[in-house]
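See structure below.
Remember, it's 1-based here, ligands and their atoms both numbered in the order they're listed. No hydrogens, no waters, no symmetry mates; every other heavy atom, side chains included, goes into these values.
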Amino acid sequence: MTEAAPGAEALMPWFPVTLRMDSAASALVVGGGGIAANKVALLATTEAAITVLSPDLNAELVRLVARGRISHDPVPVSREVLGKHLPGKRLVFAATNDRAVNRLVAEMARGMNIPVCAVDDPDPSTFITPAIVRRPPVLVAISTAGAAPVLARRLREQIESLLPAQLGRMARFMQRLRPAVAALHPVAETRRRVWERFLDGIGSEQALAGDEAGARLTLEREARGETGSGEVWLVGAGPGDADLLTLKALRLMQNADSVLYDHLLPPEILERVRRDAERVFVGKQRSDHALPQPAINDELIRRARAGERVLRLKGGDPFIFGRGGEEIEALMAADIPFRIVPGISAANGCAASAGIPLTHRDCAQSCLFLTGHARADGTLDLPWDTIARRGQTVVIYMGLGGIAMLCERLMRHGLPPDWPAAVVEKGTQPDQRVVVGDLRSLPEQVMAEVFRSPSLIIVGEVVRHRVVSRSVSPDVTAGTGGGPPEVV
Ligand code: SAH
């Protein structure tokens, strides 16, 4: 009838601590193989002196010992030898492949009250090592108390991807500024709120990026209770597959106050933006501009001035046919701080997911990215002689509407009618379609199959080198081989 009281979980025989391993400390590793090498490498991230006890060393240990700082005693392990090495050690690893030897080391170390870990053998051990995520001085340790090391490793991978690479930079910045903030706010509770606001605001991004002056200014403002100015983050969201977002893009998506996005972004990506962030659609469908470019620029500036962290999320890469350059120029003119995060462009994404290499040593030494977006009067003013060349791949963005004209120009300027070409619609997305053909056939094929935007055209002999992985698209056959046009 009675339920277990909250907090009445099983008592743990393990307690996590962070041990001081400074230059006054020394550690012993018994063993000369791969496991011992791992422990030595781990210890070598501390200041402690390290001794390795083993008649032989593997190549990795030889390399570590050769770097200095680590001493090696090449004698066989015995009670006598251990009696000489153990006293005074702060930590001991028993890491030979002989369980009996490891247990001897553990028993003797325990007798001297020295923390000891016999690897893969928790019973005689007085400590076990956790899986570690290192962002010095930040350390995250994950322990399953030896129950499931593989689970611990998996958790470590997940945490690795969550924590910014430069987290240590931020921690050091906060450490340096602690005395100043403490002087300004003697009450702990207010001080805590200042730091929390700092971490939630643009200051943390500034500190992560190494912009110490900017971060300091933001913190000072926040410490004085002023609202800081905002910032614009121009972020590439990749070609549509949410798993192709960069870690940095994801982090900024989680921190933004508002997001300005256009039609290229599928809902799966928008879903990953922080739930409370205000979503502003700014359009950009061909000839159906929800907001003209100058109005987008103004909106970015207005929001940043109001103190918002504004995310300008773009399909693909912001600097590849993304008008990112124009937006940045407007921000610079208005003196608004900004950050640019690259994304996987449609060319890279579509090439990979359609299995078409962009360069190939046999047939494509260069690759050209081109816009096929015709002017209002329907003309396409491009240097056709440079484009219609063998030995290169031509990737055409925004070319679907003008595909007939594009193919015709390429043929008129020298490429043969059977020159390979492909169109990838909604590349990297679950409903991606690929049509493979040549310059003569392609316009009719995409018409027949009713291809829509976003579609990318890839022209060149690389199309013949198309590879299709069975695990990706089971119903596709590879190559064009001059056979019938293929729609996937
Ligand atoms: N900045 C973007 C390109 C914007 S221009 C980038 O780097 O990818 C818009 C054009 O990109 C579309 O007309 C289409 O040609 C191409 N495109 C973008 N995403 C695509 C996708 N998932 N599949 C095919 N083409 C895509």
For G315 and ligand 1, does the shortest N/O to N/O distance drop below 3.5 Å? yes
Give me the residue, atom name and distance of the protein heavy atom closest to atom 3 (C) of ligand 1. I320 O, 3.5 Å
Donor-acceptor side-chain pairing of S345 and N348 below 3.5 angstrom: no
Is there a heavy atom of G240 sitting under 4.0 angstrom from any atom of ligand 1? no
Any N/O pair S455/ligand 1 closer than 3.5 Å: yes
Shortest protein heavy-atom distance from atom 5 (S) of ligand 1, along with the residue and atom involved: F321 O, 3.5 Å
Measure up the F369 and Y397 rings against each other and bin them: parallel (under 30°), tilted (30 to 60°), perpendicular (over 60°). tilted
Give yes if a backbone or side-chain nitrogen or oxygen of P239 is under 3.5 Å from a nitrogen or oxygen of ligand 1, and no if not. yes
Do M398 and ligand 1 have an N or O pair less than 3.5 Å apart? yes
Heteroatom distance test (S345, ligand 1): nitrogen or oxygen, under 3.5 angstrom: yes
May I ask you to check if ligand 1 and S453 share an N or O to N or O distance below 3.5 Å? no
Check each atom of ligand 1 against the heavy atoms of Y397 and keep those under 4.0 Å away; list them by number with element. 3 (C), 6 (C), 8 (O), 11 (O), 15 (O), 16 (C)
Under 3.5 Å donor-acceptor, T393 side chain and L358 backbone: yes
Of all the atoms in ligand 1, which lie at a distance below 4.0 Å from a heavy atom belonging to C350? 23 (N), 24 (C)
Say whether V424 and ligand 1 are in contact under the criterion: heavy-atom distance to a ligand atom below 4.0 Å. yes
Can an N or O of I344 be found at a distance shorter than 3.5 Å from an N or O of ligand 1? no
Distance to 0.1 Å, residue and atom name: give those for the protein heavy atom nearest to atom 21 (C) of ligand 1. G427 N, 3.5 Å
So if I count the atoms of ligand 1 from 1 in the order they appear, which ones are less than 4.0 Å from some heavy atom of A346? 6 (C), 7 (O), 8 (O), 16 (C), 17 (N), 18 (C), 19 (N), 20 (C), 26 (C)
